[in-house]
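Notes for the one structure printed next.
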Amino acid sequence: MPVINRIADFHDDMTAWRRDIHAHPETAFEENRTANVVAEKLESFGVPVHRGLAKTGVVGSLKVGGSSKAIGLRADLDALNLQEKNDFDYKSKHEGKMHACGHDGHTTMLLGAARYLAETRNFDGAVHFIFQPAEEGEAGGKAMVDEGLFQQFPCEAVYGMHNWPGMPRGMIGVRSGAMMASADMFTIRIQGRGGHGAMPHHAVDPVVVGAQIVNALQTIASRTIDPLDSIVVSVTQFHSGTAHNVIPDTAELSGTCRALSPEGRKIIEWRMKETAEGIAAAHGARVEVNYRHNYPVLVNSADETQRAAKAAAKVVGDHQVMLDPPPVMGSEDFAFMLEAKPGSYVWIGNGVGEEGGCMVHNPHYDFSDDILPVGASYWATLVEQELPRT
């Protein structure tokens with residue numbers, strides 16, 4: 001089964017929706033215009049709408065027939081704080097904000113599926129169209145779950161999708177188990193004793209302590225974690241000092257940690273604290289480690305992943321479904337929904353090379369309108385497959 005004909009018929013409409021959203025990017029928990037656009041379109045399709053979860057979240061619920069079975073489909077609404085450098089007609093109208101991760105396309109594909117399913121009603125059960133705010137670092141997915149998403153809209157499973165530059169357009173990738181990494185943040189504050197740069201023996205130099213901590217943290221990956229279990233520890237900031245001839249009192253390091261297993265995530269945290277405290281003590285300094293959990297590991301459940309792959313193959317063909325692609329160390333707050341419910345998250349190819357191959361979070365990125373009917377057809381096919389009419 002290729003792209004659904006009826007969805008292909010309104011490809012131009014979806015392109016217009018996507019470009020309108022792209023031109024009006026809004027960031028975390030401020031997606032008011034975008035939420036209004038989504039709600040108005042859902043209502044025009046005849047889909048009942050609920051608003052207010054996680055401030056700007058929108059959930060459309062469509063129930064057909066007598067089955068009590070229900071599934072959730074999730075798209076993200078928000079943009080990034082990034083100045084767009086594209087020059088096409090629909091480039092961002094908001095200074096310093098840009099849809100640089102394709103959430104404009106994700107929202108549009110789910111709206112396209114909602115339009116088709118509301119027209120055809122060829123399923124038995126309930127489908128909840130979940131439009132989530134604040135995916136980019138602000139954990140809008142967690143906010144929706146914490147505020148009762150799955151109590152108000154019970155689902156047996158929940159599914160997500162993200163475009164993937166570097167993967168050919170029309171290809172869909174999915175794997176069971178860990179697909180994307182956890183993402184945590186840390187700050188290490190070092191208290192030394194300041195002094196004259198020419199007389200370091202009278203001081204406790206926090207810069208030297210910090211430099212040794214930076215190097216030692218790399219041994220967490222190379223000498224503490226199983227080589228087959230990937231982690232990343234990146235120190236991305238080092239702040240200290242005010243003058244070239246003054247040894248400062250303090251230094252501060254910060255950065256991010258990634259892991260593909262909950263166990264690896266725990267090891268990073270305790271080894272970081274042990275390492276920093278040990279090095280500081282050896283130099284007569286004190287240290288405070290603030291380790292903040294952000295997004296958990298995104299783990300696809302086995303059964304739902306098989307179902308997602310089956311639906312994808314119906315749309316793009318078996319040869320266009322990439323099973324078991326390598327996981328990546330990027331993170332996604334859909335992981336919070338997968339902690340609450342079984343489900344699966346797929347990648348849809350955005351293109352290779354100049355057209356659609358620009359990586360996300362880049363000021364030149366743009367979502368490929370060519371894949372809008374592919375993604376919408378995947379969503380619609382998944383619903384008809386999982387909620388079959390009898």
Side-chain angles (χ1 to χ4, degrees), residues 4 6-26 29-65 70-79 99 102-135 140-141 143-145 147-155 158-161 334 337 367 369 372-373 375-384 386-387:
I4 294 170
R6 176 59 187 136
I7 292 177
D9 289 343
F10 55 77
H11 187 181
D12 288 347
D13 290 346
M14 286 193 291
T15 298
W17 305 343
R18 204 278 300 180
R19 294 184 178 187
D20 173 70
I21 295 170
H22 186 96
H24 300 89
E26 297 170 305
F29 300 118
E30 297 178 353
E31 307 93 338
N32 295 297
R33 180 188 186 277
T34 310
N36 288 339
V37 168
V38 168
E40 288 167 6
K41 292 201 179 303
L42 289 173
E43 288 169 347
S44 74
F45 306 153
V47 177
V49 171
H50 179 277
R51 302 187 64 173
L53 281 174
K55 297 183 180 179
T56 50
V58 179
V59 181
S61 292
L62 184 62
K63 182 171 177 56
V64 176
I71 62 172
L73 312 179
R74 173 270 201 176
D76 31 19
L77 297 169
D78 58 321
H99 269 292
H103 299 185
D104 49 342
H106 304 164
T107 294
T108 299
M109 291 188 293
L110 191 53
L111 283 173
R115 175 174 173 176
Y116 168 81
L117 291 166
E119 286 181 2
T120 59
R121 305 175 73 86
N122 186 32
F123 64 96
D124 187 8
V127 55
H128 303 304
F129 305 100
I130 302 165
F131 294 87
Q132 177 217 302
E135 189 280 326
M144 292 192 87
V145 171
E147 292 178 21
L149 172 66
F150 295 123
Q151 286 72 47
Q152 294 186 54
F153 306 97
C155 298
V158 63
Y159 296 88
M161 176 165 50
F334 185 63
M337 295 190 186
F367 186 92
D369 291 318
L372 291 172
S377 294
Y378 164 73
W379 281 137
T381 301
L382 180 65
V383 170
E384 293 175 347
E386 293 304 295
L387 305 175

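The chain is numbered in sequence order, starting from 1.
Judged as a salt bridge (Lys or Arg N to Asp or Glu O under 4.0 Å), and not counting sequence neighbours, the contacts of Asp369 are Arg18, Arg19. Residues satisfying the salt bridge (Lys or Arg N to Asp or Glu O under 4.0 Å) criterion with Asp78, sequence neighbours excluded, are absent altogether. Applying the salt bridge (Lys or Arg N to Asp or Glu O under 4.0 Å) rule to Glu119 yields the partners Arg6, Arg115; only residues at least two apart in sequence or on another chain are considered. Checked against side chain to side chain donor-acceptor pair (under 3.5 Å), Thr107 has no partners two or more places apart in sequence or in another chain. Asp12 meets the side chain to side chain contact (heavy atoms under 4.5 Å, CB included) test with no other residue; sequence neighbours excluded.
Counting only heavy atoms from C-beta outward, the side chains of Met337 and Phe150 approach each other to under 4.5 Å. Leu42 places a side-chain heavy atom less than 4.5 Å from the side chain of Phe131. Proximity of Ile7 to Met14: side-chain heavy atoms (C-beta onward) are separated by under 4.5 Å at one or more points. For the pair Arg33 and Asp20, the minimum side-chain heavy-atom distance is below 4.5 Å. Looking only at side-chain heavy atoms (C-beta outward), Phe153 and Met144 stay at 4.5 Å or farther from each other. Leu62 is listed as a side-chain neighbour of Arg121, based on a closest heavy-atom distance under 4.5 Å. Inter-residue side-chain proximity for Phe334 and Arg74 is flagged as met; some heavy-atom pair is nearer than 4.5 Å. You'll find the side chain of Trp379 stays beyond 4.5 Å of the side chain of Leu117, heavy atoms only.
Pairing each heavy atom of Pro154 with each of Ala70, the nearest pair is O-CB, 3.3 Å. Between His128 and Cys155, the shortest heavy-atom contact is CD2-SG, 3.5 Å. Minimum interatomic distance between Ile21 and Thr34 (heavy atoms only, all atoms of both residues): CG2-CG2, 4.2 Å. Considering all non-hydrogen atoms of both residues, Ala380 and Tyr116 come closest at CB-CD2, 3.5 Å. The minimum heavy-atom distance linking Ala113 with Ala376 is given by the pair CB-O, 3.7 Å. Between Phe29 and Gly140, the shortest heavy-atom contact is CZ-CA, 4.1 Å.
In this structure, Ile4 CD1 and Glu384 CD are separated by 5.5 Å, a value rounded to the nearest 0.5 Å. Here Asp76 contributes atom CG and His106 contributes atom NE2; the two are 6.0 Å apart, rounded to the nearest 0.5 Å. The CZ atom of Phe367 sits 4.0 Å away from atom CE of Met109, with the distance rounded to the nearest 0.5 Å. Atoms OG1 and NE2, from Thr108 and His22 in turn, are 11.5 Å apart once rounded to the nearest 0.5 Å. A distance of 11.5 Å separates CG in Leu77 from CD1 in Ile130, rounded to the nearest 0.5 Å.
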Go through Leu382 and Leu73 one step at a time and tell me if the side chain to side chain contact (heavy atoms under 4.5 Å, CB included) criterion holds. CA-CA 10 Å; Leu382 180 65; Leu73 312 179; 4.1 Å; yes
Below 3.5 Å, can you tabulate the donor-acceptor pairs from side chains in residues 45-58 to any protein atom, sequence neighbours excluded?
{"unit_1": "His50", "atom_1": "NE2", "unit_2": "Gln152", "atom_2": "OE1", "d": "3.2"}
{"unit_1": "Arg51", "atom_1": "NH1", "unit_2": "Asn36", "atom_2": "OD1", "d": "2.9"}
{"unit_1": "Arg51", "atom_1": "NH2", "unit_2": "Asn36", "atom_2": "OD1", "d": "2.8"}
{"unit_1": "Thr56", "atom_1": "OG1", "unit_2": "Glu31", "atom_2": "OE1", "d": "2.5"}

